[in-house]
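Numbered from 1 within each chain, the chains take letters A, B, ... in sequence-line order.
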Number of protein chains: 4
Amino acid sequence: MAQNKREAILKAAMELFGELGYDGTTMPMIADRAKVGAGTIYRYFENKETLVNLLFQDCVVTFSEVLQHGLPQNNQDLQEQFHHLFSRMVEFARNKASALNFIDSHANSHILDDTSKSIFNDFMDHIRSYLENGKKYNIIIDMPSDALISIVYGAFSYLYRLIRNGQLKETPELLQNVEECCWKAISKSSEN
Amino acid sequence: MAQNKREAILKAAMELFGELGYDGTTMPMIADRAKVGAGTIYRYFENKETLVNLLFQDCVVTFSEVLQHGLPQNNQDLQEQFHHLFSRMVEFARNKASALNFIDSHANSHILDDTSKSIFNDFMDHIRSYLENGKKYNIIIDMPSDALISIVYGAFSYLYRLIRNGQLKETPELLQNVEECCWKAISKSSEN
Amino acid sequence: MAQNKREAILKAAMELFGELGYDGTTMPMIADRAKVGAGTIYRYFENKETLVNLLFQDCVVTFSEVLQHGLPQNNQDLQEQFHHLFSRMVEFARNKASALNFIDSHANSHILDDTSKSIFNDFMDHIRSYLENGKKYNIIIDMPSDALISIVYGAFSYLYRLIRNGQLKETPELLQNVEECCWKAISKSSEN
Amino acid sequence: MAQNKREAILKAAMELFGELGYDGTTMPMIADRAKVGAGTIYRYFENKETLVNLLFQDCVVTFSEVLQHGLPQNNQDLQEQFHHLFSRMVEFARNKASALNFIDSHANSHILDDTSKSIFNDFMDHIRSYLENGKKYNIIIDMPSDALISIVYGAFSYLYRLIRNGQLKETPELLQNVEECCWKAISKSSEN
DNA sequence: CATGAATGAGACTTCATTCAT
DNA sequence: AATGAATGAAGTCTCATTCAT
């Protein structure tokens, strides 16, 4: 039951931070949604800032693990690797919708501490290293990795924001199309 | 001098809201940065919520005008129109960096009122109608416009976030590359 | 202890509102006198306006109950009933001096909500119905009840204002005299 | 035009203080109603406190003068003198309704300075001296003058509060009746 | 003289955090 | 361990007062 409460708090905080932002969310709101007393939060987390940072790190690490899971290690078929990455991102967006929302809405937040920033950077490094590899093999166009990330991750992030809003309906077809668009965007156009 | 203060308040608010978010920004912070007394803000704006909404509407309308300005009206060359749109977005991102930051960080905020949402929607409609047209002429791939927007605007938005962060350096070359990527992403790949 | 604080807040508020008026009393003043933190007031009362209205209703209901308590129900001896009413008013003025002060100083206040006004009206209706009865039995002179109330309640209210000020000393003799004066004022003078 | 503004300010302040109380009235409210700039008030009155005190003194002096005007000086017919006093009070209540309201709602206010209190006392002394005289001649019953004042002035004050509220309609008949009641209340009952 | 824009002290109120139960 | 009543620092906003025009 103890870890139960911790999890409930993290879940409630994740949802609320995602909806209202860190500063727009109050500790009583979190306690209410987690169905615990306000004081209980402080048995598990030092304070609000610690909570948000631990949560952020948690979410990013999970995202990272999802991305790593079963990544084909042969560096040859980069489009297959891309497909894997994109599929994993979609998987995470689906299964952990509020985690993705929370990450994206707080990745540039002023409350992130160095650990959080560093873990987020490590996470992005995974994607960067994939892209670097693709550039090395002349499959992915030669641009700063962060620019490529903007295109792929920016699109992905915005896409799921619209899906959450209900502006877009998440269909396999849509996802496949967006993946193709992103691949077209960053890969050398030679495929015919 | 009177409009002077109003402008100073709007500028300070735009910057701070962009940096710290609506809830993370306090009225005294705004007053300090605008170099006015705290009470002065309330001579020009009813309250914090009104301020952020007027500001948001202001920024979106300006962005919209920048996009409209000199848009080629011949519907023939859609890539040229795309170039125009993208260039205007870049122009806005450059000249009004903090306006773009503010818009992007608050476009989904819980504090936007109906007017703000509606104006933002109108703004997106300009882009949507361009995309619809492109689909009609079989130049742009057949996907929901909002999905296409995710790709182009999502990429653009994320790109300038990284540029503001200093993670990416804004060079003409970079911008041209990203524009090409986006065009490749959404246009029928037949160009040869 | 919980109701303790609520009571302490109500008591402090009653005294201060009576002394300084609603607008002249600040929440910190109330908190100080009640020996609670400023925020504590808001655990018990939604806001200052709610507080003053609940308090007003409380005081009026108590006053009303005091007046009702043990009222002789035989409609025959109206002077005896008058004596009862006046005695009860005096009892209230003595035991709940600051409640009376608060009521009288806020009965026409712009901050009273409809419930408060309605409860105060109900209270006055008790006195009115007594007077109506007296007029029916030809014991009390034929004047609008509110005019009779002005004479009796107006005198009573002013009297205790002077007593609180220290301008008058409250003695049994004084009270008996005033009661007689009021009775003489409103009763048909024929009794001999 | 200069004294014009001063008068306009005093009139506006008198009305607003009467309606909303000293602390419930703001200087901009007064300026608005007086149709002068907010700063203009400070050309005529040092500050809000000075304004309310000068105003109070003004009103009380005027009331006093009205009462004195044409007072029959023969000490013989005390009921006639009473009639005169009561009539004058009524005259003031009619012609200077908001002045009476202001006086009565601020006579016990915490913002009155010593001068104001002293002037109000002088005013009451006029009534007191009349009553003392009446007691000396054995026409008015032997009670502390302030108790007699409670009865007469308290009734009068409350009566006009109800008239202002619209709860009572001011008719010559009503006024005559109330006067008689008051006279009955305080005079030796020998008149038949 | 008159104004009203500007100010900042201080009001009401919220909320992160503590602590007695 | 869990709670939620209590707190007071800090936020939003008002308003008496000043001063440049």
Side-chain angles (χ1 to χ4, degrees), chain A residues 1-6 9 22-32 34-51, chain B residues 1-6 9 23-32 34-51, chain C residues 1-6 9 23-32 34-51, chain D residues 1-2 4-6 9 23-32 34-51:
Chain A
M1 172 98 192
Q3 285 317 301
N4 228 354
K5 287 196 192 285
R6 197 185 132 94
I9 291 164
Y22 173 77
D23 291 299
T25 301
T26 72
M27 296 299 261
M29 280 180 198
I30 296 171
D32 278 0
K35 289 185 182 144
V36 300
T40 305
I41 300 178
Y42 290 86
R43 301 210 132 271
Y44 294 96
F45 305 96
E46 198 184 330
N47 53 35
K48 195 184 178 187
E49 212 174 315
T50 303
L51 168 59
Chain B
M1 172 98 192
Q3 284 316 304
N4 225 356
K5 292 203 189 277
R6 191 177 192 276
I9 292 164
D23 291 302
T25 302
T26 72
M27 295 300 259
M29 281 179 196
I30 296 171
D32 280 359
K35 286 183 184 147
V36 300
T40 303
I41 300 177
Y42 292 87
R43 290 197 64 73
Y44 294 96
F45 305 96
E46 200 184 328
N47 53 34
K48 196 184 177 187
E49 213 174 314
T50 302
L51 168 59
Chain C
M1 171 101 191
Q3 286 316 304
N4 226 356
K5 291 202 189 278
R6 193 176 191 277
I9 291 163
D23 291 302
T25 302
T26 72
M27 295 302 259
M29 281 179 196
I30 296 172
D32 280 359
K35 286 186 183 143
V36 300
T40 303
I41 300 178
Y42 292 87
R43 290 197 65 72
Y44 294 96
F45 305 96
E46 201 184 328
N47 53 36
K48 195 184 177 187
E49 213 174 313
T50 302
L51 168 58
Chain D
M1 173 96 193
N4 227 355
K5 287 195 193 286
R6 198 187 131 95
I9 292 164
D23 290 301
T25 302
T26 70
M27 296 298 262
M29 280 180 198
I30 296 171
D32 278 1
K35 289 186 180 143
V36 300
T40 304
I41 299 177
Y42 291 86
R43 300 212 134 271
Y44 294 96
F45 305 96
E46 198 184 331
N47 53 33
K48 196 185 177 186
E49 214 175 313
T50 302
L51 167 59

pair_partner(E:dA6), Watson-Crick or wobble, both distances < 3.5 Å, evaluates to F:dT17
Does E:dA2 have OP1 or OP2 sitting under 4.0 Å from an N or O in the side chain of D:Tyr44?
yes
Whole-Å distance separating the CG atom of B:Asn47 from the C1' atom of F:dC13:
9 Å
Considering Watson-Crick and G-U wobble pairs with both distances under 3.5 Å, what does E:dT13 pair with?
F:dA10
When the distance from CZ of C:Arg43 to C1' of F:dA6 is rounded to whole Å, what number comes out?
7 Å
Tell me which of B:Thr26 and C:Val36 sits closer to the 5' end of DNA chain F, going by the nucleotide each one is nearest to.
C:Val36
D:Lys5 has an atom NZ; how far is it from atom P of E:dC1, in whole Å?
12 Å
Which part of the nucleic acid, if any, lies within contact of A:Thr50, taking any heavy atom under 4.0 Å across all strands shown: a base, the sugar-phosphate backbone alone, or nothing?
nothing
Within 45° of the six-membered ring axis of A:Tyr44 and under 6.0 Å from that ring's centre, is NZ or CZ of A:Lys5 located there?
no
Specify the separation, in whole Å, of atom CD1 of D:Ile9 and atom P of E:dG4.
13 Å
Starting at the 5' end of DNA chain E, which residue's closest nucleotide do you reach first, C:Pro28 or B:Lys35?
B:Lys35
D:Lys48 side chain to D:Thr25 backbone, donor-acceptor under 3.5 Å
yes
Between A:Leu51 and the options A:Tyr22, A:Tyr42, A:Phe45, the side-chain contact (heavy atoms from CB on, under 4.5 Å) test singles out A:Phe45
To the nearest angstrom, how far is A:Glu49 atom CD from E:dC15 atom C1'?
16 Å
Taking the side chain as everything from C-beta on, heavy atoms only, tell me whether A:Ile30 gets closer than 4.5 Å to A:Met27.
yes
In whole angstrom, give the distance that lies between atom CD1 of A:Ile30 and atom P of E:dT17.
10 Å
Could you check how far CZ of C:Phe45 sits from P of E:dT14, rounded to whole Å?
15 Å
Check this one for me: any side-chain N or O of B:Tyr42 less than 4.0 Å away from OP1 or OP2 of F:dT14?
no
Given atom NZ of A:Lys48 and atom C1' of F:dA10, what is their separation to the nearest angstrom?
13 Å
Determine, step by step, whether B:Arg6 and B:Ile9 satisfy the side-chain contact (heavy atoms from CB on, under 4.5 Å) criterion, reporting the C-alpha distance in whole Å, the side-chain angles of both residues, the deciding distance to 0.1 Å, and the verdict.
CA-CA 5 Å; B:Arg6 191 177 192 276; B:Ile9 292 164; 5.7 Å; no
Does B:Thr40 put a side-chain nitrogen or oxygen below 4.0 Å from OP1 or OP2 of E:dT7?
yes
